[in-house]
S.K.: 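Below you'll find the structure I mean.
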Amino acid sequence: MTCRFRCGDACFHEVPNTSANEYVGDVIAGALSRRGALRAAAVVTVAAAAGSVTVAGAPAARAAQTDKKGGKGARGLRFRPVAPNTVDAVVVPEGYAQNVVIRWGEPILRGAPAFDPENQTAAAQAGQFGYNNDFLALLPLPGERGRQLLVANHEYTDEVLMFRGYDPENPTRQQVEVAWAAHGLSAVVVEEDRRSGRLTAVPRHHLNRRVTATTEFRLTGPAAGSALLRTSADPTGTKVLGTLNNCSGGTTPWGTTLHGEENFNQYFANGSRPTDKRYGIGTGATERKWERFDKRFDLAQEPNEVHRFGFVVEFDPYDPSSTPRKHTALGRFKHEAATVRLTADGRPVVYSGDDERFDYFYKFVSSKRMRHGTSRAVREHNLSLLDEGTLYVARLTGDSPAGEIDGSGALPADGEFDGGGRWIPLATATADGAVSHVEGMTAEEVFVFTRLAGDKVGATKMDRPEDIQPSPVTGKVYVVLTNNSNRGKAGYAAADEANPRNSNKHGHILELTERWNRADATTFAWSLFLVAGDPGDPATYFAGFPKEQVSPISCPDNVAFDPYGNLWISTDGNQLGSHDGLFGVATRGERRGELKQFLTVPTGAETCGPIVQERRVLVAVQHPGEVDGASVEKPASVWPDGPGKIVRPAVVAVWRKDGCDVGV
């Protein structure tokens, strides 16, 4: 079911990238630990808020600890790891508590009614928290003690879990319009109970806002106004209704949030052009049948509408009257994330992955410096930072002979998988126009058909690039590759030194060090940081840390850093028999590679949007109950409200019961 509604069964369709570029997965497969033969222990003791269940046959790990609070783990990771389990709940470590911050359907705008699953309307949903929360941002709220501003993506809708009696072949207009209103973004103020750590939403606050699939957006940057973006409803090519399939994102140093439009292809019917095929757009009807109710989703009638999706959205949560922007200079592809790092002279650099098997990862380097201050002029200047600069795509090379990389996970002769890389320029946008660096493509074509530009310059094929996060402590950049089961199959690229293992079903994480640690550098070194899976599998690797002391992990997806420089990893699609979860791993020091599971999520759910603060961890529990055959009438999960209640995606906060900081 997840494949149907989130990505349009992408993994069951032909891989869109048919170029002959080198496959990056082959590069990393050998970057396994010299300690790769160590076996994981079979048992871990865990106490959980909702019970403690270990999956029979699933791998488990024993972390080295000396006391009941977590012992000698890396600072920020001193907790007893949660065991792999299949509990239909959010399971947290011993000594921690949790609460649901906000659920799908809770009213956040003035006048919005209480949630009624049997009487849903588009008008009601447009004032309520949206569906399938993904990326989360938690921003300061000056002048309001104990309050912060929560921003959430709403990636997609599960109509069969939303509407009783839903007929996939014949959705009603009302159901479709509710789904339009359930997509997009939410901004909602949250308040802390300082006695307990609990967070609760503050309804009807003046900063609360909903952005939906019908909200007006402004197209900005070098492709705005292009003939490729013009439609009958918008002959200017500068305005578009809505944002779709917002997956991960990022926050900016100037106080806005970024949101990546990912699997937008699944919403558009009747694709026919080679460019449609390269973006995974089908030739027939869509799963949701939106094209029956709005012609813009039918490419036979509006062929350019799809070109207006697949961008990075910038949202100003402090200005409820602002028009969100789609930045064309950051390229058009299935953006999984958009994370920001500043250059030494104050120019933003944005990293983003294209979440598709055998596709690429990118960065954008702005040519304009960020300004400090709160005036309207400063605000407008900073909102234009992502419209001028150069867009790059990554090409990686390994440092071992190709014959030593066989996809089995066996190390090359030098004992590690690593190498170098180069950021290949695709196009540069200026105030006076844009210049293409790709032979045979105009600048507008590069920014609208960015995947084709990557093909032409020989970018390295990756195993579903997901989140990309620069460390705020070291500046190193971590690239998450979720999985790629097609690696090494007949007709597909095999392992190279930058993506581990043929049939890579568990995924891995790369660590990039840009030259001189400069965000605007055009070259970098890379090495293997983590190869996911059962620690007892010799093909796994945890930055050299003893594997008998780590938690098993599969399918890394979204990541975030805590105040101590540890990387926290949420998973999507665990292939080890347990529910998905959230993990922390040390990135430096003598405990580098120590990975511990902090929580698991309910049946059918994915862990998203992690935020790790000193005293609190937040996760977005997305698509609980999303199991084949499930429906409102036959739920696979009863989370979060128990039997007899409709399953609802929600945001969860976790804190230590004793009031101390997380993991210390």
Side-chain angles (χ1 to χ4, degrees), residues 44-54 58-65 68-85 87 89-99 101 136 197 199 467 469 480 509 530 532 535 542 545 549-572 574 576 578-587 591 593-602 605-622 651-658 660-664:
V44 62
T45 302
V46 173
S52 179
V53 178
T54 299
R62 181 181 67 245
Q65 335 223 9
K68 65 181 181 180
K69 293 183 179 178
K72 294 183 178 180
R75 184 169 177 81
L77 300 178
R78 294 171 188 164
F79 54 83
R80 286 192 179 275
V82 167
N85 68 79
V87 178
V90 174
V91 180
V92 301
E94 177 185 4
Y96 285 77
Q98 60 175 292
N99 81 293
V101 179
L136 301 176
L199 277 185
D467 216 343
Q469 286 279 350
V480 180
I509 298 177
L530 184 151
F542 297 84
F545 196 78
Q549 298 180 31
V550 302
S551 297
I553 184 172
S554 177
C555 301
D557 191 340
N558 299 149
V559 292
F561 282 94
D562 68 16
Y564 313 103
N566 301 309
L567 184 69
W568 289 65
I569 307 165
S570 63
T571 65
D572 174 19
N574 190 320
L576 293 172
S578 172
H579 285 177
D580 281 310
L582 180 66
F583 303 74
V585 60
T587 62
R591 306 193 76 87
E594 178 183 35
L595 181 135
K596 300 169 72 173
Q597 183 157 9
F598 183 75
L599 60 74
T600 55
V601 293
E606 167 191 352
T607 323
C608 295
I611 297 173
V612 186
Q613 301 176 313
E614 288 184 349
R615 297 187 61 241
R616 185 181 294 106
V617 173
L618 274 78
V619 292
V621 179
Q622 193 188 82
V651 177
V652 172
V654 182
W655 64 92
R656 270 177 63 161
K657 292 179 180 178
D658 61 9
C660 295
D661 290 351
V662 171
V664 299

S.K.: Looking at Val90, is its backbone amide N or carbonyl O close enough to the side chain of Gln98 to form a donor-acceptor pair, meaning the two atoms are under 3.5 Å apart?
M.R.: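 Yes: the side chain of Gln98 pairs with the backbone of Val90.
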S.K.: Could you tell me the separation between the CD1 atom of Ile509 and the CD1 atom of Ile553, rounded to the nearest 0.5 Å?
M.R.: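 Here the rounded value is 6.0 Å.
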S.K.: Looking only at heavy atoms, what is the nearest atom pair of Pro84 and Ser578, with distance?
M.R.: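 For Pro84 versus Ser578, the nearest heavy atoms are CA-OG, 3.4 Å.
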S.K.: I need the minimum non-hydrogen distance between Ala83 and Thr600, along with the two atoms involved.
M.R.: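 So the minimum-distance heavy-atom pair works out to O-CG2, 4.4 Å.
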S.K.: Strictly distance-based, threshold 3.5 Å: is any side-chain N or O of Arg80 a donor or acceptor partner for the main-chain N or O of Gly95?
M.R.: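 Flag not set: sc Arg80 to bb Gly95 has no pair under 3.5 Å.
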S.K.: Would the distance check show the side chain of Thr587 and the main-chain N or O of Gly565 forming a donor-acceptor pair, the cut-off being under 3.5 Å?
M.R.: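 Checking the backbone N and O of Gly565 against the side chain of Thr587, a donor-acceptor pair under 3.5 Å is found.
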S.K.: Output the distance between atom SG (Cys608) and atom CG (Leu136), rounded to the nearest 0.5 Å.
M.R.: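 Cys608 atom SG to Leu136 atom CG measures 8.0 Å (nearest 0.5 Å).
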S.K.: Check step by step if side chain to side chain contact (heavy atoms under 4.5 Å, CB included) holds for Leu595 and Phe545.
M.R.: CA-CA 9 Å; Leu595 181 135; Phe545 196 78; over 6 Å; no
S.K.: Please determine whether side chain to side chain contact (heavy atoms under 4.5 Å, CB included) holds for the pair Tyr564 and Asp661, giving the CA-CA distance in whole Å, both sets of side-chain angles, and the decisive distance to 0.1 Å.
M.R.: CA-CA 12 Å; Tyr564 313 103; Asp661 290 351; 3.9 Å; yes
S.K.: With sequence neighbours excluded, tell me which residues meet side chain to side chain donor-acceptor pair (under 3.5 Å) with Ser554.
M.R.: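 His506.
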S.K.: Between Arg615 and Trp655, what is the shortest heavy-atom contact and its length?
M.R.: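 Here Arg615 and Trp655 meet closest at O-CB, 3.5 Å.
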S.K.: Is a side-chain N or O of Asp572 found less than 3.5 angstrom from the main chain of Asp580, in a donor-acceptor match?
M.R.: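 Such a contact is absent between Asp572 side chain and Asp580 backbone.
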S.K.: So how far is it from Asp562 CG to Arg75 CZ, rounded to the nearest 0.5 Å?
M.R.: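 Here the rounded value is 10.0 Å.
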S.K.: What is the distance from atom CG of Leu77 to atom CD of Glu594, rounded to the nearest 0.5 Å?
M.R.: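 That separation rounds to 6.0 Å.
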S.K.: Can you give me the closest heavy-atom contact between Arg78 and Gly73, atom names plus distance?
M.R.: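 Heavy-atom minimum between the residues: NE-O, 2.7 Å.
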S.K.: Report the C-alpha separation of Phe561 and Leu567 in whole Å, then their side-chain angles, then the decisive distance to 0.1 Å, and conclude whether the side chain to side chain contact (heavy atoms under 4.5 Å, CB included) test is met.
M.R.: CA-CA 5 Å; Phe561 282 94; Leu567 184 69; 3.6 Å; yes
S.K.: How close do Leu599 and Gln597 get, heavy atom to heavy atom, and via which atoms?
M.R.: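 Smallest interatomic distance, heavy atoms only, reads O-NE2, 3.2 Å.
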S.K.: Would you call Phe542 and Val585 a side-chain contact if the rule is heavy atoms closer than 4.5 Å?
M.R.: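 Answer no - side chains too far apart.
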S.K.: So, applying side-chain contact (heavy atoms from CB on, under 4.5 Å) with Thr607, which one of Val652, Ile569, Val619 is it?
M.R.: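 Of all the options given, the one that passes is Val619.
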S.K.: The criterion is ring-ring contact (aromatic ring centres under 6.0 Å, His included); which residues satisfy it with Phe598, sequence neighbours excluded?
M.R.: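 For Phe598 the ring-ring contact (aromatic ring centres under 6.0 Å, His included) partners, ignoring immediate neighbours, are Phe79, Tyr96, Trp568.
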S.K.: Let me know which of Asp467, Val559, Asn558 forms a side-chain contact (heavy atoms from CB on, under 4.5 Å) with Pro610.
M.R.: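 Answer to the side-chain contact (heavy atoms from CB on, under 4.5 Å) test with Pro610 among Asp467, Val559, Asn558: Asn558.
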S.K.: CD of Glu606 to NE2 of His579: how many Å apart, nearest 0.5 Å?
M.R.: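 The CD atom of Glu606 sits 13.5 Å away from the NE2 atom of His579.
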S.K.: Find the distance between SG (Cys555) and CG (Leu576) and round it off to the nearest 0.5 Å.
M.R.: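 The distance works out to 8.0 Å.
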S.K.: Can you see which heavy atom on Ala586 is nearest to which on Arg591, and at what distance?
M.R.: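 Looking at all heavy atoms of both residues, the closest pair is CB-O, 3.3 Å.
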S.K.: I'd like to know if the side chain of Arg616 reaches the main chain of Gly197, judged simply by a donor and an acceptor atom lying under 3.5 Å from each other, with no hydrogens or angles considered.
M.R.: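 Flag set: sc Arg616 to bb Gly197 pair under 3.5 Å.
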